[in-house]
Undergrad: 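Take a look at this one; I'll ask things after.
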Amino acid sequence: MTKKDILSRPRGTRDFDPKEMAIRRAVEGIFREVFETYGFQEIMTPTFERAELFIEKSGEQVLEEMYFFEDKSGRKLVLRPELTLPTMRFYFSELRALQKPLKLYYVSNVFRYEEPQKGRYREFWQIGCEIIEGDPKRTLIEGLDIVREILSRFKILEMCEIKLGNVSIVRKILKLLGIQDDRRIIRAIDKDDIDTIKSLTTERQFKIIEMLIKTDIEGLKHELPELSNELKEYERLISELQNLDIPVKGDLGITRGWDYYEGYVFEVYAPWLGAEKQICGGGFYDLSDVFEEEKITTFGFAFGLDRLIDALKDANKLPEVPRRKSVYVVSLSDRGFSIAVKIIRKIRKKGIICNLDTRKRNMRRALEYALENDYDVMLIVGDRELDKGVISIKDLRKNVQEEVPLKGVVEYVINILRR
RNA sequence: GCCGGGGUGGGGUAGCCUGGUAAAUCCUGCGGGGCUGUGGACCCCGCGACCCGGGUUCGAAUCCCGGCUCCGGCCCCA
């Protein structure tokens, strides 16, 4: 293990410097505000879970894409690859007594063992929510309205696409065509892979699946009259959402993780991101079999924080990071330093960002430092001042300096910062 | 798992094709000084790097092989 090895990060992980963190916190803050104004409450679940929680649904092979390990007593564990299953586990084990609809949100890191590339990391952050129990139609409208609000707060609503599909309809169509849960076809539908579909289907099946991909509702209604009620409802819902200024587009080709989704599903795209342009996805799901519980209405979605931030950067729509007023204190002697510590304590108590020179810089460099780092005020605690019982206070914005008696310093500083 | 392009001080780079003078360019950063206590300037000094391992060669940052890793594209995506 060389020094270089020790200094390198695990593949697919990132460090965030102060500048980046300020952006992330600002973005996160907007999410929190929207979720809370919509009546959601925050939860947090463990970073790792029993592997069985995730295997139960999709089988052992999903371990391939997860960080899997055993603890000292041989318990099989994984770093969580998503947050819907942990949230529902939490719900069924401890939260079921809470009143419904239960609206929960989370901001958490998740882990997937995949090849990193643009917009894909092995550790990334999801901000999402779940709505547990409620009328499905109202839940969908409420859910998509939050998505609309979030996109609107970030000023990218008009630039994004929200596509609404329905995996139950897709499933029924395939069943009516005599195709039984064929993952290859479903995958091909998701990717608009016409050639694969053609090679796997008869002429009539192909014709109808093509209608499905194109979301040709009229054509489907004509070919599959058994489904006309559901298709009509789908159309009606889309136009209702549009009337509510939620710009969804119907797209029956959206299949998402076929495994637990059921009913309406949606995805949000930021088309300017290229290959990995999906920034949000979700829908209704059914985990009753995993937890051996009665079926209840559950809906959720998650934004990929990292991708959203990429999208905001590329579109030049990053939220403003609020700037706080700040004070820099320079002391030119050890005697001055201990006086400075006492003064700075009082200023900090007022909630003002305050820093002091702990490097023994000379006056010139200290001033340069304060200016380069955008401080508003600089206090000079030097022997010359202390002999007179004062402190020099420099307004760095106006470039004026005054000597102020020790007792009046805090008030004087606050006064300058108020301007 | 596959394909393509990269990895040179803390950050950004030149050098690589066409190996060679004492092992490296420029910008920036950082520290100090000029200026013994005051404006981001300027000047000076200092700090600091060829991803790792093998090979070819008298000689490798440079060429070859392998690995790691980063970027991008596939595959996959609970």
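Letters A, B, ... are given to chains in the order of the sequence lines, protein chains preceding strands, and every chain is numbered from 1.
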Undergrad: Report the residues that fulfil side-chain contact (heavy atoms from CB on, under 4.5 Å) with A:F69, sequence neighbours left out, ordered by chain and then residue number.
TA: A:F48, A:L77, A:L79
Undergrad: Please list, pair by pair, any protein nitrogen or oxygen found under 3.5 Å from a nitrogen or oxygen in nucleotides 30-33 of chain B.
TA:
residue: B:G31; atom: OP1; partner: A:R361; partner atom: NH1; Å: 3.3
residue: B:G33; atom: OP2; partner: A:N362; partner atom: ND2; Å: 3.1
residue: B:G33; atom: N7; partner: A:R365; partner atom: NH2; Å: 2.6
residue: B:G33; atom: O6; partner: A:R365; partner atom: NH2; Å: 3.0

Undergrad: Quick one: label A:I380 by what it contacts on the DNA or RNA (base, sugar-phosphate, nothing), any heavy atom closer than 4.0 Å.
TA: base
Undergrad: Just how far, in rounded Å, is P of B:U38 from CD1 of A:I393?
TA: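 So the two atoms are 19 Å apart, to the nearest Å.
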Undergrad: Measure centre to centre between the rings of A:Y285 and A:F301, then say whether the value is under 6.0 Å.
TA: no
Undergrad: Could you please spell out the steps behind the salt bridge (charged side-chain N to carboxylate O under 4.0 Å, His left out) verdict for A:R32 and A:E36?
TA: CA-CA 6 Å; A:R32 285 209 153 83; A:E36 294 194 7; 5.2 Å; no
Undergrad: Counting C-beta onward and ignoring hydrogens, is there a side-chain heavy-atom pair between A:E368 and A:R361 closer than 4.5 Å?
TA: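 The answer is no, as the side chains (C-beta and beyond) never meet within the 4.5 Å cut-off.
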Undergrad: Ignoring the backbone of A:R11, work out which of B:G37, B:G72, B:U69 is nearest its side chain.
TA: B:U69
Undergrad: Answer yes or no: side-chain N or O of A:Q401 and base N or O of B:U38 forming a donor-acceptor pair under 3.5 Å.
TA: yes
Undergrad: Which part of the nucleic acid, if any, lies within reach of A:E385 when heavy atoms closer than 4.0 Å are counted: base, sugar-phosphate only, or nothing?
TA: base
Undergrad: Work out how far the C1' atom of B:G19 is from that of B:G33, and round it to whole angstrom.
TA: 42 Å
Undergrad: Could you give the CZ-to-P distance, from A:R397 to B:U38, as a whole number of Å?
TA: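 For the pair A:R397 CZ and B:U38 P, the rounded distance is 21 Å.
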Undergrad: So, for A:Y261 and A:F284, is the gap between ring centers shorter than 6.0 Å?
TA: no
Undergrad: Starting at CZ of A:R120 and ending at P of B:G73, how long is that distance when rounded to a whole Å?
TA: 10 Å
Undergrad: Measure from the side chain of A:M66, starting at C-beta and using heavy atoms only, and say which of B:G72, B:A78, B:U38 lies closest.
TA: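 Output: B:A78.
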Undergrad: Could you point out which residue of A:F303, A:F16, A:Y106 forms a ring-ring contact (aromatic ring centres under 6.0 Å, His included) with A:W125?
TA: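 Looking at A:F303, A:F16, A:Y106, the match for A:W125 under the ring-ring contact (aromatic ring centres under 6.0 Å, His included) is A:F16.
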Undergrad: Between A:E82 and A:S392, name the one whose nearest nucleotide on RNA chain B is closer to the 5' end.
TA: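 The answer here is A:S392.
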Undergrad: To the nearest Å, how far apart are A:R122 CZ and B:C76 C1'?
TA: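 Roughly 13 Å, once rounded to whole Å.
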Undergrad: Let me know the distance between OH of A:Y375 and C1' of B:U38, rounded to the nearest Å.
TA: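 The distance from OH of A:Y375 to C1' of B:U38 comes to 18 Å, rounded to the nearest Å.
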Undergrad: What contact category does A:G12 fall into here, base, sugar-phosphate, or nothing, at under 4.0 angstrom with non-hydrogen atoms?
TA: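 Answer is sugar-phosphate: A:G12 comes under 4.0 Å of backbone atoms only.
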Undergrad: Considering heavy-atom distances to RNA chain B, does A:K118 or A:D374 have its closest nucleotide positioned more toward the 5' end?
TA: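 The residue closer to the strand's 5' end, by nearest nucleotide, is A:D374.
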Undergrad: As a test of reading the structure: which of B:G37, B:C77, B:G73 is closest to the side chain of A:Q117, going by heavy atoms?
TA: B:G73
Undergrad: Grab the CD-P distance between A:E368 and B:G29 for me, whole Å please.
TA: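 So the two atoms are 11 Å apart, to the nearest Å.
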Undergrad: For A:M363 and B:G37, give me the distance from atom CE to atom C1', rounded to whole Å.
TA: 5 Å
Undergrad: Given the P atoms of B:C64 and B:C16, what is the spacing between them in whole Å?
TA: 14 Å
Undergrad: Given B:C77, B:G37, B:U38, identify the nucleotide with an atom nearest to the side chain of A:E114.
TA: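 Within the option list, the nearest is B:C77.
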Undergrad: Is it the case that over 12 heavy atoms from other parts of the model lie below 6.0 angstrom from the CD atom of A:E70?
TA: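 Count over threshold, so yes.
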Undergrad: Where do A:E402 and A:Y412 land on the side chain to side chain donor-acceptor pair (under 3.5 Å) test, with the steps shown first?
TA: CA-CA 10 Å; A:E402 254 184 272; A:Y412 191 92; 2.8 Å; yes
Undergrad: B:G72 P sits how many Å from A:R307 CZ, rounded?
TA: 12 Å
